[in-house]
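What you are looking at is a predicted structure, and each value in this text was computed from that prediction instead of being measured. Every chain is numbered from 1 and lettered A, B, ... according to where its sequence line falls, protein lines coming before strand lines.
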There are 2 protein chains.
Amino acid sequence: MMDKATQLLNPMKVQDDMEVNKPDTATRILDVAERLFVEHGFEATSLRMITQQAEVNLAAVNYHFGSKDALFESVFMRRIGPFVAACLAELDALEQSGQALTAEALVLTFIKPCLMLSKDPTKGGALFVRLMSRTLVENHRLLREALNQQYSVFVQRYTSAFQAALPQFETEDIAWRMHFAFGVMFNAFAGNDVLKIFVRSQVVSARDPDMVVKHLVPFVVAGLTAPV
Amino acid sequence: MMDKATQLLNPMKVQDDMEVNKPDTATRILDVAERLFVEHGFEATSLRMITQQAEVNLAAVNYHFGSKDALFESVFMRRIGPFVAACLAELDALEQSGQALTAEALVLTFIKPCLMLSKDPTKGGALFVRLMSRTLVENHRLLREALNQQYSVFVQRYTSAFQAALPQFETEDIAWRMHFAFGVMFNAFAGNDVLKIFVRSQVVSARDPDMVVKHLVPFVVAGLTAPV
DNA sequence: ATCAAATTAAAACGTAAGTTTCAAACGCTT
DNA sequence: AAGCGTTTGAAACTTACGTTTTAATTTGAT
């Protein structure tokens, strides 16, 4: 298997393809797998569904990724790194800007990357947050280990920042509020709507990311800053 | 197959059992299936896992419920009806009590049934809300149809109530806030914690329902009543 | 042009899934 | 006690899954 670094050094390869802009096999698998994992979940998505829609051979998955488990990990890891990095960059920028460290400003450091991703199809679009959401409830063992080791800094940074922004609250209160706040935000961008179980067409279903943010920010900020 | 009504007329049957308090086959299947569906999801739970743990024969599932799909529907429907009824009863009680129709009071009409269920193992305990949560993201087609027809009144009643409690907001704003509010509440009781993906032990993980409520109510009420 | 490595293709493998079958056991009425 | 509908039990069936194997093909460097 040729590694990514080698591929990037030879971009002419794609020009030889008959079909223009058709990504290589591994990328096509990742793209289709991401969409199907989000739509149907990990277990309900078969390698045959993936390879058919990606127009690649069945064996290509095991050749490029090793196993279905490893494919899922690759799908997830492709997105999580850049996303966390974007959030931390926003945090850095805010802290070094000299602006007041308010709850709203902190919320926006998370929302802006979400919004950016939601609008960029090449970065998985709105699919990524939905993938996170599904991953959360499906609770993959392997993923937990890797994420704990690599991205615990994400929570630590936000915890410190919120403690600085909301000094009037105790650590435990802040933990609860962060728990709720990130929950709402993730579910909002993922389009999870409990009420949609019961009624057919909610206004909320038309999920324009900008509209989500417009209503989401006041709600979350109010929750975070509410008196105990 | 003997129907439930007939069974209830013959309670002596259980007394004949060697093992005391051992529910009948169908109930044992429902109980185990509920737990496994919550823990592993619908697709990842096999009928063989269920029947082994329930100590019943494999064919019993198809005999009593018809199919795995139908079993899931039975598992879900056993809980949703009483839960919605409990919420509506709280709503009725509140509206007829003459108390002020505040956002907090409305929130409590939802939270009290959640809390009640969470503490009653015979009613599925905390499992039910987690089942709702998983069902939401797994998005079963069959279930949607049934729920839309039966329980749209749930959303309608709460929508009317919140419109009365928050007359200063427009209908669309209220729809968004309800969307967020019910999302937080469901996820709180379901124990879904996005941050738990990144760090091993959150305080929130120790999920005492009373603690959840204590922190949840101020957060949700603040979000619902925040100025636009 | 040639050769070795990387990739793709087709087929088969072993396993586990949901479902079905049919006989045995049980429970209730007569 | 007999008979009949209900329930349970053990086994087999069909299908689909993830994976492996082997050969064909393509690719890139010599």
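- Across C:dA9, D:dT6, C:dG18, the shortest atom-to-atom separation from the side chain of A:A59 is found for C:dA9.
- Distance from the side chain of B:N62 is smallest for C:dT20 among the nucleotides C:dT20, D:dT19, C:dT8.
- Taking atom CG of B:L47 as the reference point, atom P of C:dG18 lies 4 Å away to the nearest angstrom.
- The side chain of B:L58 has C:dT19 as its nearest neighbour among C:dT19, D:dT20, D:dT7.
- Of the candidates D:dG9, C:dA10, C:dA12, C:dA10 carries the atom nearest the A:N57 side chain, counting heavy atoms from C-beta on.
- For B:R48 and D:dC13, the CZ to C1' distance is 11 Å, given to the nearest whole Å.
- The distance from atom CG of A:D24 to atom P of D:dT27 is 13 Å, rounded to the nearest whole Å.
- Between the OH atom of B:Y63 and the C1' atom of D:dT7 there is a distance of 5 Å, rounded to whole Å.
- Looking at the side chain of A:T25, the nearest of the listed nucleotides C:dA12, C:dG18, C:dT8 is C:dT8.
- No side-chain donor from either of B:S67 and B:D69 sits under 3.5 Å from a side-chain acceptor of the other.
- The phosphate of D:dG18 has neither OP1 nor OP2 within less than 4.0 Å of any side-chain N or O from A:S67.
- Residues B:R35 and B:Q53 bring a donor and an acceptor atom of their side chains to less than 3.5 Å of each other.
- Separating the CZ atom of A:R28 from the P atom of C:dT8 is a distance of 8 Å, rounded to the nearest angstrom.
- Following rounding to the nearest Å, A:E43 (CD) and C:dG18 (C1') show an atom-to-atom distance of 15 Å.
- Between C:dA17 and B:S46, a contact under 4.0 Å exists linking OP1 or OP2 to a side-chain N or O.
- The residue B:T45 sits close only to the backbone: its heavy atoms come under 4.0 Å of sugar-phosphate atoms, none of a base.
- In this structure, A:I29 atom CD1 and D:dG18 atom P are separated by 13 Å, rounded to whole Å.
- The ring-ring contact (aromatic ring centres under 6.0 Å, His included) test applied to A:F162 returns no partner, not counting sequence neighbours.
- The side chain to side chain contact (heavy atoms under 4.5 Å, CB included) check on A:N139 picks up A:R144, with sequence neighbours excluded.
- A ring-ring contact (aromatic ring centres under 6.0 Å, His included) with B:F83 holds for exactly one of B:Y151, B:F189, B:F76, B:F128; it is B:F128.
- For A:H64 and C:dA6, the shortest distance from a side-chain N or O to OP1 or OP2 is not below 4.0 Å.
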